[in-house]
> 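I am attaching a structure below and will ask some questions about it afterwards.
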Amino acid sequence: MKKIYFLCTGNSCRSQMAEGYGKGLLKDQYECRSAGVEKHGLNPYAVEAMAEDGIDISQQKSKLIDLDYFNAADLIVTLCGDAKDRCPIIPPQAQSLHWPLPDPAQAKGTHEQKMIVFRQVRDEIKQLVRGLI
């Protein structure tokens, strides 16, 4: 089975949502994991936004890049410029994609105002993951 690695800075929002959609939409074709160049913990707004779309990521954990998985990956997707700039050199067998998505964790305001931003990013990630099918 082919391997996809979704990477962002803190592995708290974007890459976690991508992993959730990857596991749901690509499960017959790919093993999907996510990680960060840092560990920031799983963002509860990301969990809530994904649950609204029927995807449970509540048991996922914020992880640092696993070099063994990274070096075995067939596709490496960076979801922010920071991860793209700071991730290790892409192994020669791997294809890489960059999805420059805004960081929903930077959203300000009320709970509902923040959720609007998380939903927008979530929906964009879902479309991008679907495009991998």
Side-chain angles (χ1 to χ4, degrees):
M1 184 174 286
K2 292 191 173 199
K3 299 174 192 251
I4 297 179
Y5 217 1
F6 296 104
L7 305 176
C8 66
T9 301
N11 191 221
S12 65
C13 303
R14 293 165 286 189
S15 55
Q16 292 284 357
M17 291 189 280
E19 178 183 352
Y21 280 125
K23 287 178 175 178
L25 299 171
L26 307 173
K27 63 180 174 256
D28 297 329
Q29 301 162 300
Y30 295 99
E31 176 186 346
C32 298
R33 293 189 191 176
S34 69
V37 293
E38 301 168 5
K39 266 179 17 178
H40 293 175
L42 182 60
N43 188 296
Y45 287 97
V47 173
E48 184 177 344
M50 293 298 286
E52 290 176 353
D53 198 33
I55 304 285
D56 181 7
I57 64 168
S58 65
Q59 300 307 305
Q60 292 178 195
K61 304 284 184 225
S62 181
K63 303 162 293 300
L64 294 174
I65 295 172
D66 173 339
L67 286 176
D68 290 333
Y69 191 82
F70 181 87
N71 287 318
D74 298 285
L75 175 61
I76 295 168
V77 181
T78 52
L79 291 99
C80 69
D82 188 46
K84 183 180 181 199
D85 294 343
R86 294 174 59 196
C87 87
I89 294 171
I90 305 294
Q93 85 289 349
Q95 178 185 1
S96 65
L97 295 173
H98 179 59
W99 298 343
L101 298 165
D103 184 359
Q106 300 302 313
K108 305 282 186 233
T110 65
H111 177 268
E112 187 54 34
Q113 289 168 327
K114 291 177 184 177
M115 284 305 296
I116 288 168
V117 175
F118 272 85
R119 289 179 191 116
Q120 290 168 340
V121 173
R122 174 202 67 199
D123 293 347
E124 189 170 351
I125 291 170
K126 184 177 184 178
Q127 290 306 104
L128 290 164
V129 171
R130 274 193 175 141
L132 298 175
I133 296 173

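Since we're looking at a predicted model, the values are computed, not measured.
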> Which residue pairs satisfy the ring-ring contact (aromatic ring centres under 6.0 Å, His included) criterion with at least one member in residues 103-133, sequence neighbours excluded?
Tyr45-His111, Tyr45-Phe118
> Could you name each residue pair satisfying salt bridge (charged side-chain N to carboxylate O under 4.0 Å, His left out) that touches residues 90-116, not counting sequence neighbours?
Arg14-Asp103, Glu112-Arg119
> Report the residues that fulfil side chain to side chain contact (heavy atoms under 4.5 Å, CB included) with Leu42, sequence neighbours left out, ordered by chain and then residue number.
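In terms of side chain to side chain contact (heavy atoms under 4.5 Å, CB included), with neighbours along the sequence ignored, Leu42 is linked to Gln16, Val47, Ile57.
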> Could I get the full list of side chain to side chain contact (heavy atoms under 4.5 Å, CB included) partners for Ala94, not counting sequence neighbours?
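With sequence neighbours excluded, Ala94 shows a side chain to side chain contact (heavy atoms under 4.5 Å, CB included) to Ile76, Ile90, Pro91, given in chain and number order.
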> Considering residues at least two apart in sequence or located in another chain, which fulfil the side chain to side chain contact (heavy atoms under 4.5 Å, CB included) criterion with Lys39?
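If we apply the side chain to side chain contact (heavy atoms under 4.5 Å, CB included) test to Lys39, skipping adjacent residues, the hits are Ser62, Leu64.
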> Is it possible for you to say whether Ile125 and Val117 belong to one hydrophobic cluster, with membership spreading through side-chain heavy-atom contacts below 4.5 Å?
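Result: no, two separate clusters.
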> Taking Gln93 for the side chain and Asn71 for the main chain, is one N or O donor matched with an acceptor at less than 3.5 Å?
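Checking the backbone N and O of Asn71 against the side chain of Gln93, a donor-acceptor pair under 3.5 Å is found.
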> List the residues meeting side chain to side chain donor-acceptor pair (under 3.5 Å) with Ser34, not counting sequence neighbours, and say none if there are none.
Asn11, Glu19
> Does Lys3 have any salt bridge (Lys or Arg N to Asp or Glu O under 4.0 Å) partners at least two apart in sequence or in another chain, and if so, which?
Glu31
> Go through the structure and list residues passing ring pair (Phe, Tyr, Trp, His ring centres under 6.0 Å) with Tyr5, not counting sequence neighbours.
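Checked Tyr5 against ring pair (Phe, Tyr, Trp, His ring centres under 6.0 Å); matches are Tyr69.
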> Between Leu128 and Tyr21, is there shared hydrophobic-cluster membership here, with clusters defined by ILVMFWY side-chain heavy atoms closer than 4.5 Å?
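The answer is yes; both residues are in one hydrophobic cluster.
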> Are Ile133 and Leu97 connected in a single hydrophobic cluster, I mean Ile/Leu/Val/Met/Phe/Trp/Tyr linked by side-chain heavy atoms less than 4.5 Å apart?
yes
> Suppose the criterion is salt bridge (charged side-chain N to carboxylate O under 4.0 Å, His left out): which pairs have a residue in residues 124-133, not counting sequence neighbours?
Asp53-Lys126
> Test of understanding: with side chain to side chain donor-acceptor pair (under 3.5 Å), list the residues that count as partners of Ser96, not counting sequence neighbours.
none
